[in-house]
Protein chains: 2
Amino acid sequence: MQKRGQSTVSNIYDELRQAIAKGELREGEQLKQAAIGEQFGVSKIPVREALTMLEADGFVTLTAGKGATVNGLSAAEAEEIYLMRIGLEPLVLRHSLPNLSVIGLARAESILHTIQSLDDITQEQWHMLDHEFHTTLYQGSPHERMKRTVKLLHDNLARYFAIYKSYGMSFRTESDAEHRQILEACKAKDGERACAILNQHLEHGSRKLQTFLQNGERRNE
Amino acid sequence: MQKRGQSTVSNIYDELRQAIAKGELREGEQLKQAAIGEQFGVSKIPVREALTMLEADGFVTLTAGKGATVNGLSAAEAEEIYLMRIGLEPLVLRHSLPNLSVIGLARAESILHTIQSLDDITQEQWHMLDHEFHTTLYQGSPHERMKRTVKLLHDNLARYFAIYKSYGMSFRTESDAEHRQILEACKAKDGERACAILNQHLEHGSRKLQTFLQNGERRNE
DNA sequence: TTAGGTATGATGGTATACCATCATACTAAC
DNA sequence: GTTAGTATGATGGTATACCATCATACCTAA
C-alpha cells in the first residue's frame, strides 16, 4: 500500500494535478471517486483527501452531494493570478536578494543557459524552467508561506500555458531577455532595479497571455 | 476556503479553527482524531478531512504517521503575514474602488462608528470588526482568489491578537484614525491615496504587533 | 402522446473494522 | 542499577460496508 516514502494521498494528488494541468481532464469534468480509487488500486478515502487538497489549491470545486468537478479556465482568473504574482513576487525577491548566495545566482544563470540552448522545447518544459528560474532567485527569502503561495500561483498558471499549441517564440525571447536583466540586477545586488524589471516582466507576461487567451488557438476542443 | 454547505466537515473545521484561534488548543498540541470524532459524535473520516483543510489553511501540520499538531506562533510568521497583506491588499483596494457602491461605503462607515461607540470591546470583537471594515472596502473587487487569500491572512493573524491580554488602546485609536483616513480617500475615489494610507496602516500594524510579540504579556502560559 | 411519478442505478458521504506503526513501559540480563 | 529489548496499548491510515441522495429512465395514467 505505502509507496516508499511518498504517501498514497500525495501520489494521487500529484497525478490528478498533472492530468488537470495537461488538459487530460477537461474543465467541468466530474471526478468520480470510485473510478479514481480503482485506477490507483486504493479505496475512496485517500482519493477524497486528495480531492480536498485539490480544492484548497484551486484546481477543482467540491459541491456537497455532487462531488468534484474540474475548475474552468478564464481570462479573468489568469489576470488575477498574475496580479497576485505582481503583488507578491517583487516582495519575495527583495527579501531574498541579501541572502542570495553565489551558488544560487550561478544556478539561476545555468537555468537561463539551459533555456537558451534548447532549441526545440515543449511548452511544458519551458514553463517548468521558467518556474525554476524564478524559484531559484527566491530561495534566499525566509518567507515560506509566501513562497508556497507563489508556487501555487505558478502551478495554476501552468494550465493556461498548457492549452495552447504554441505560446509564441517572440514571447519566449522577450521573456528570456527580461530574465537575464533580472539576473544581472540580482548579481549587482540592486534590489530596486531587480524588482522593477520583475514587475515589468510579470506585466508583460500577463498582457501576452491575455492576448493569447482572446485570439489564440486552443489545443483541446 | 471551503464552504461545502453546512456539512459535518465544515462544522468541525470551524470549531477547531475557533478553538485554535482562541488559544484553547495550544501550539504543538496533538489533535487526536478519535477524541475529536467522539466529541462531535462522528467518526474519524470527517475529522480527517477537516484536519486536511486546516493544514491547507496553515493552522496545523500533518506529519505522516503522527497526525496533526497545532502550528506554533512566531514573530517571524506574523511579520510575513503582514508582508503578504501589504503586497496584496492595496492591489485589491485599488481594483475595488471603482466598483465600490455608496452602500458599501456607508456600511464601512457604520462599522467604524460601531468600533468607536463600543467602549469596552474585547480583543476578539475588535479584530472581527477590523476585518469586517477592510473586507467591506474590498467588496467591489472581482478578484475572488485574492480576497480568499486575504481572508486567510486575517484569520491567521487572529491567533496573534488573541494571545494578548490587551492589545493597547493607543494602537486601536491610531488604527481607527487610519481607518477613517482610508475611508475618506475611498469616498473621494482617490485610489492612490487610499492605497498609500492602507500601506502605512499595515506597516504600522506590523510594527506594533512585533513590539508586542517581543515585550507583551502573554495571556496563556 | 405527454406528463408525472416511481423505481433503479450511480455516486457521494460516513461509520465500522482492521492493520501498521510508533511510543511507552516493564522486565530481564549484564 | 542501568540499559536494552520486547510487549502492549494508543493512534493514524485505509479498506469495506452501508446509507442517503440525486439523476435518469421507464411505465402508467390521463
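Protein chains get the first letters and strands the later ones, always in sequence-line order, with residue 1 at the start of each.
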Report each atom pair, protein N/O against N/O of nucleotides 8-12 of chain C, whose distance is under 3.5 angstrom.
unit_1	atom_1	unit_2	atom_2	d
dT11(C)	OP1	Lys32(A)	NZ	3.0
dG12(C)	OP1	Leu31(A)	O	3.3
dG12(C)	OP2	Gln33(A)	N	3.3

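- Regarding contacts with the backbone of dT14(D), a side-chain N or O of Thr8(A) is found under 4.0 angstrom from either OP1 or OP2.
- Take Gln125(B) and apply the side-chain hydrogen bond (donor to acceptor under 3.5 Å, both in side chains) test, not counting sequence neighbours, and it matches Thr122(B).
- The separation between Phe40(A) atom CZ and dA15(D) atom C1' is 17 Å, rounded to whole Å.
- Taking atom CD1 of residue Ile45(B) and atom C1' of nucleotide dT16(D), one finds them 11 Å apart after rounding to whole Å.
- Among residue pairs with one or both ends in residues 83-93 of chain A, those qualifying as salt bridge (charged side-chain N to carboxylate O under 4.0 Å, His left out) are Arg85(A)-Glu89(A); sequence neighbours excluded.
- Judged as a side-chain hydrogen bond (donor to acceptor under 3.5 Å, both in side chains), and not counting sequence neighbours, Arg207(A) has no contacts.
- Ile12(A) has its CD1 atom 13 Å from the C1' atom of dA15(D), to the nearest Å.
- Looking at Glu77(A) and Arg159(A), their side chains never come closer than 4.5 Å, going by heavy atoms from C-beta outward.
- Counting to the nearest Å, the C1' atom of dT14(D) and the CD atom of Glu49(B) are 13 Å from each other.
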Could you pull out every donor-acceptor pair under 3.5 Å between side chains of residues 28-40 of chain A and any protein atom, sequence neighbours left out?
unit_1	atom_1	unit_2	atom_2	d
Glu29(A)	OE1	Arg26(A)	N	3.1
Gln30(A)	NE2	Lys66(A)	O	3.2

Which atom pairs, donor and acceptor, lie under 3.5 Å between side-chain atoms of residues 97-105 of chain A and protein residues at least two apart or in another chain?
unit_1	atom_1	unit_2	atom_2	d
Asn99(A)	ND2	Gly140(A)	O	3.0
Ser101(A)	OG	Ile103(A)	N	3.4
Ser101(A)	OG	Gly104(A)	N	3.0

